[in-house]
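Worksheet for the structure shown next.
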Amino acid sequence: MHELSIAEALIDQVGQELDRVGQQGRVLRLELSIGRLSGVHGESVRFAFELLAPGTRVENAEIVIKEPKAVCHCHACEAQLEIDDLVIQCPRCTSSDISIEGGRELMLQSIEIED
Amino acid sequence: MKIVAAKKILKVNDQLAAENRSQLDAAGVFAVNVVGSPGAGKTTLLEALFAQWKGRLRPAVIEGDIAGSIDAERMEKIGVPVVQINTDGACHLDANMVAAAGQELDLPTIDLLAIENVGNLVCTAGFDLGEHLRIVVLSTSEGDDKAVKYPAIFQGSHALVITKIDLLPHLNFDVARITADMKRLAPEAAVFQVSAIRGDGIPEVADWLAERCRKERRSENAVPR
């Protein structure tokens with residue numbers, strides 16, 4: 001969903017972060033966290049990034065994507081299960097008394113620049 | 001050298017949405033984001049609700065469409081202040097577009113602002129517009145499995161309005177099933193069944209929203225009703 005505008009926002013954000021810390025070095029690597037439940041497709045972000053990066057400060061930077069899972073806490077059977085997709089009931093006992101934690105992030109975790 | 005950022009990539013929309021919400025609060029405006037598929041009956045529902053609210057509260061509407069001003073013209077016809085946003089291809093409204101549209105409205109003279117989003121059950125889920133409440137509109141001809149197929153938009157909504165119930169005799173639509181699915185995703189959500197063309201269920205939705213509007217408007221400028 002909108003991976004192109006996400007890639008655009010990412011490139012802007014890297015520029016802002018570099019300005020914030022006063023660094024001008026070449027960007028070698030970006031670490032992203034794209035949660036399994038975020039609705040965002042990591043590989044499409046990578047693809048869009050490769051389209052938009054040339055000519056910018058992040059040209060040729062490597063993209064490393066972590067895809068954190070969410071945890072489904074079941075209040076009925078006490079299960080704590082990692083899930084890849086949004087569920088409306090516990091995968092173990094099918095109770096709908098559940099809460100889902102994490103897995104929705106879309107974050108720029110770090111920027112590695114040349115020393 | 002590693003710079004730790006730990007920043008949300010799309011924080012810009014969240015920030016703008018928060019600003020929108022503050023401005024709406026300051027002006028005493030209660031904002032409702034209306035989402036649903038193309039043809040679900042969002043505009044028709046709003047027309048019916050505005051008729052119910054005549055003399056009870058002062059509405060306005062922001063219409064979001066990819067192109068054209070069809071919905072804005074319908075609103076003008078019934079005398080509701082309207083701003084049309086044309087997204088020129090974007091499949092959802094975002095907080096930035098709503099902020100710009102808001103500037104065309106005289107907010108202190110408005111009690112309830114409806115924001116009719118672009119017809120879309122997918123992308124609209126990801127973009128806070130600064131609203132106080134989100135309602136998802138689903139018509140009977142779309143099928144009763146949509147909450148399972150599109151969980152994010154249903155989970156993020158405060159009410160489900162099932163439209164076109166006059167068509168039920170011709171369809172295999174299980175109202176109990178979609179209601180149960182909605183309650184699992186959003187236990188606090190209200191579920192309504194309406195037929196805008198017949199009028200069924202419309203007063204209940206109008207009353208519910210009017211009551212929420214009354215309770216949640218907070219502003220020194222707001223005229224008490």
Side-chain angles (χ1 to χ4, degrees), chain A residues 1-35 37-40 45 49 64-65 83 85-90 94-100 103-115, chain B residues 1-17 35 66 87-97 117-118 120-128 144-157 160 176-189:
Chain A
M1 181 181 86
H2 314 117
E3 280 74 4
L4 202 62
S5 39
I6 289 168
E8 220 166 29
L10 172 62
I11 293 172
D12 281 343
Q13 192 169 41
V14 171
Q16 280 172 34
E17 283 297 297
L18 292 177
D19 289 342
R20 182 177 68 83
V21 300
Q23 289 292 335
Q24 301 302 321
R26 192 165 75 90
V27 178
L28 298 172
R29 182 176 304 120
L30 300 175
E31 261 181 28
L32 309 184
S33 226
I34 302 182
L37 302 191
S38 64
V40 178
V45 174
F49 181 85
V64 172
I65 299 177
I83 51 172
D85 293 298
L86 195 60
V87 296
I88 58 174
Q89 50 197 41
C90 173
T94 74
S95 166
S96 49
D97 190 10
I98 59 171
S99 39
I100 295 179
R104 290 194 168 94
E105 51 273 73
L106 176 59
M107 308 269 292
L108 169 63
Q109 295 290 63
S110 68
I111 305 166
E112 193 157 334
I113 59 173
E114 200 165 41
D115 291 319
Chain B
M1 161 185 161
K2 197 181 237 187
I3 302 163
V4 175
K7 296 256 162 65
K8 281 189 191 176
I9 296 175
L10 289 181
K11 67 175 165 33
V12 177
N13 190 76
D14 287 345
Q15 281 168 352
L16 286 174
V35 300
I66 293 181
T87 70
D88 289 334
C91 45
H92 58 275
L93 293 180
D94 62 29
N96 190 32
M97 295 172 193
N117 216 316
V118 177
N120 186 335
L121 284 181
V122 181
C123 317
T124 48
F127 293 86
D128 184 358
D144 55 35
D145 57 356
K146 293 302 168 295
V148 175
K149 288 186 160 192
Y150 299 87
I153 192 67
F154 287 88
Q155 192 172 58
S157 295
L160 163 63
R177 190 249 169 113
I178 184 87
T179 303
D181 286 345
M182 180 65 182
K183 292 289 192 179
R184 269 198 289 269
L185 286 166
E188 307 291 315

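These numbers were taken from a predicted model, which means no experiment stands behind them. Quick note on labels: first sequence line is chain A, next is B, and so on, each numbered from 1. Heavy atoms only: backbone and side chains are in, while hydrogens, waters and symmetry mates are out.
Of all the listed residues (Asp181(B), Val4(B), Val148(B)), the one sharing the greatest number of non-hydrogen pairs under 4.5 Å with chain A is Val4(B).
At distances below 3.5 Å, not a single donor-acceptor pair connects side-chain atoms of Gln23(A) with backbone N or O atoms of Ile3(B).
There is no contact between Ala90(B) and chain A, counting heavy-atom distances below 4.5 Å. Gln16(A) touches chain B through its side chain: at least one heavy atom from C-beta onward sits under 4.5 Å away, while N, CA, C and O do not. Contacts of Arg29(A) with chain B are absent, with no heavy-atom separation under 4.5 Å from either backbone or side chain. If you measure heavy-atom distances from Val12(B) to chain A, you find no contacts under 4.5 Å at all.
Residues of residues 107-115 of chain A lying under 4.5 angstrom from chain B, judged on non-hydrogen atoms, are Met107(A), Leu108(A), Gln109(A), Ser110(A), Ile111(A), Glu112(A), Ile113(A), Asp115(A) in numerical order.
Separation of atoms CD1 (Ile9(B)) and CG (Leu32(A)) is listed at 5.0 Å; rounding is to 0.5 Å.
Residues Glu31(A) and Lys2(B) are in side-chain contact: their nearest non-hydrogen atoms beyond the backbone lie under 4.5 Å apart.
Counting non-hydrogen atoms of neighbouring residues, nucleotides and ligands closer than 6.0 angstrom, the NZ atom of Lys7(B) exceeds 12 such neighbours.
Heavy atoms only, all atoms of each residue included: Ala9(A) and Leu10(B) are closest at CB-CD2, 4.2 Å.
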